[in-house]
Amino acid sequence: MKSSPTEFERRCYALLRQIPEGRVTTYKAIAEALGTKAYRAVGRAMGANPDPVIVPCHRVVASDGTLGGYALGLERKIALLESEGLRIGQGRVEDFKTVFWSAFSV
DNA sequence: CGGTTGACCAAGT
DNA sequence: GACTTGGCCAACC
């Protein structure tokens with residue numbers, strides 16, 4: 001089973017699950033939504049991602065629209081995003097601002 | 001409890 | 001436009 005994720009990590013995962021299909025968000029947006037500025041802590045938490053299936057971590061990209069990274073490999077991340085109707089251009093998300101999703105937009 | 005690391009970000013060179 | 005530096009927060013050693 002899973003280790004004991006901290007409240008912070010759980011919060012990140014819960015937020016990711018709120019992301020609609022075909023949309024992406026940034027590490028920064030997540031941190032801000034959680035009421036903090038720990039962009040790095042969010043990224044690190046994703047690295048601790050216990051359930052890459054339950055939690056759509058592949059919908060999280062860097063603030064520049066770059067894919068950033070993925071526990072299962074960027075190739076996998078790209079495939080998933082394209083599968084959701086997103087356009088990926090050379091390690092980067094096209095129409096990033098268009099598909100960008102904010103927790104405050106709900 | 002101090003120091004290092006990390007799927008980062010923004011600004012400066 | 002690409003690389004370097006400083007800064008932020010949380011988890012790990």
Side-chain angles (χ1 to χ4, degrees):
Chain A
M1 295 302 280
K2 323 298 176 282
S3 310
S4 307
T6 63
E7 293 292 319
F8 184 80
E9 292 173 6
R10 274 187 254 173
R11 210 120 138 88
C12 296
Y13 308 144
L15 202 58
L16 295 179
R17 278 186 259 152
Q18 297 173 64
I19 303 177
E21 200 173 288
R23 288 282 159 90
V24 292
T25 188
T26 69
Y27 301 99
K28 183 177 182 189
I30 295 169
E32 293 289 303
L34 294 179
T36 180
K37 291 157 186 142
Y39 325 116
R40 310 201 78 174
V42 174
R44 197 215 59 77
M46 295 299 111
N49 180 6
D51 300 290
V53 181
I54 302 177
V55 182
C57 336
H58 61 271
R59 289 182 188 153
V60 186
V61 297
S63 64
D64 275 283
T66 47
L67 293 176
Y70 193 53
L72 306 182
L74 289 177
E75 307 294 320
R76 193 68 184 208
K77 185 169 185 174
I78 295 169
L80 286 165
L81 290 172
E82 291 185 316
S83 184
E84 294 190 0
L86 292 175
R87 297 189 303 175
I88 308 300
Q90 199 61 40
R92 189 155 166 172
V93 179
E94 307 243 343
D95 297 315
F96 168 57
K97 297 193 169 189
T98 306
V99 298
F100 178 78
W101 177 84
S102 173
F104 302 103
S105 297
V106 187

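Because the structure is predicted, anything quoted here is derived from the model rather than measured.
A donor-acceptor pair under 3.5 Å links the side-chain atoms of A:Lys77 to the main chain of A:Gly69, judged by distance alone.
Residue pairs that meet the ring-ring contact (aromatic ring centres under 6.0 Å, His included) test with at least one member in residues 66-97 of chain A, sequence neighbours left out, are A:Phe96-A:Phe100. Residue pairs meeting the salt bridge (Lys or Arg N to Asp or Glu O under 4.0 Å) criterion with at least one partner in residues 10-38 of chain A, sequence neighbours excluded, are A:Glu7-A:Arg10. Every pair tested for side chain to side chain donor-acceptor pair (under 3.5 Å) that includes a residue from residues 97-106 of chain A fails, sequence neighbours excluded, so the list is empty.
With sequence neighbours excluded, the residues that form a salt bridge (charged side-chain N to carboxylate O under 4.0 Å, His left out) with A:Arg44 are A:Glu9. Residues satisfying the side chain to side chain contact (heavy atoms under 4.5 Å, CB included) test with A:Glu94, not counting sequence neighbours, are A:Arg87. Annotation: salt bridge (charged side-chain N to carboxylate O under 4.0 Å, His left out) contacts of A:Glu75 (sequence neighbours excluded): none.
Considering only heavy atoms from C-beta on, A:Glu82 comes within 4.5 Å of A:Ile78 through its side chain.
Interface limits on DNA chain B: the 5'-most and 3'-most nucleotides within less than 4.0 Å of chain A heavy atoms are B:dG6 to B:dA10. Interface limits on DNA chain C: the 5'-most and 3'-most nucleotides within less than 4.0 Å of chain A heavy atoms are C:dG7 to C:dA11.
Of all the residues in residues 15-22 of chain A, not one reaches under 4.0 Å from DNA chain B with any non-hydrogen atom. Proximity of residues 34-42 of chain A to DNA chain C (heavy atom under 4.0 angstrom from any strand atom) is restricted to A:Thr36, A:Ala38, A:Arg40, A:Ala41.
Residues A:Ala45 and A:Tyr13 share a closest heavy-atom pair of O-OH, 3.1 Å. Shown here for A:Leu34 and A:Cys12, the closest heavy-atom pair between the two residues is CD1-SG, 3.4 Å.
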Compile the donor-acceptor pairs under 3.5 Å between side chains in residues 53-67 of chain A and protein atoms, sequence neighbours left out, one pair per line.
{"from": "A:His58", "atom 1": "NE2", "to": "A:Glu84", "atom 2": "OE2", "distance (Å)": "3.0"}
{"from": "A:Arg59", "atom 1": "NE", "to": "A:Glu84", "atom 2": "OE1", "distance (Å)": "2.9"}
{"from": "A:Arg59", "atom 1": "NE", "to": "A:Glu84", "atom 2": "OE2", "distance (Å)": "3.1"}
{"from": "A:Arg59", "atom 1": "NH1", "to": "A:Ile19", "atom 2": "O", "distance (Å)": "2.8"}
{"from": "A:Arg59", "atom 1": "NH2", "to": "A:Glu84", "atom 2": "OE2", "distance (Å)": "2.9"}

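Here A:Leu80 contributes atom CG and A:Leu74 contributes atom CG; the two are 11.5 Å apart, rounded to the nearest 0.5 Å.
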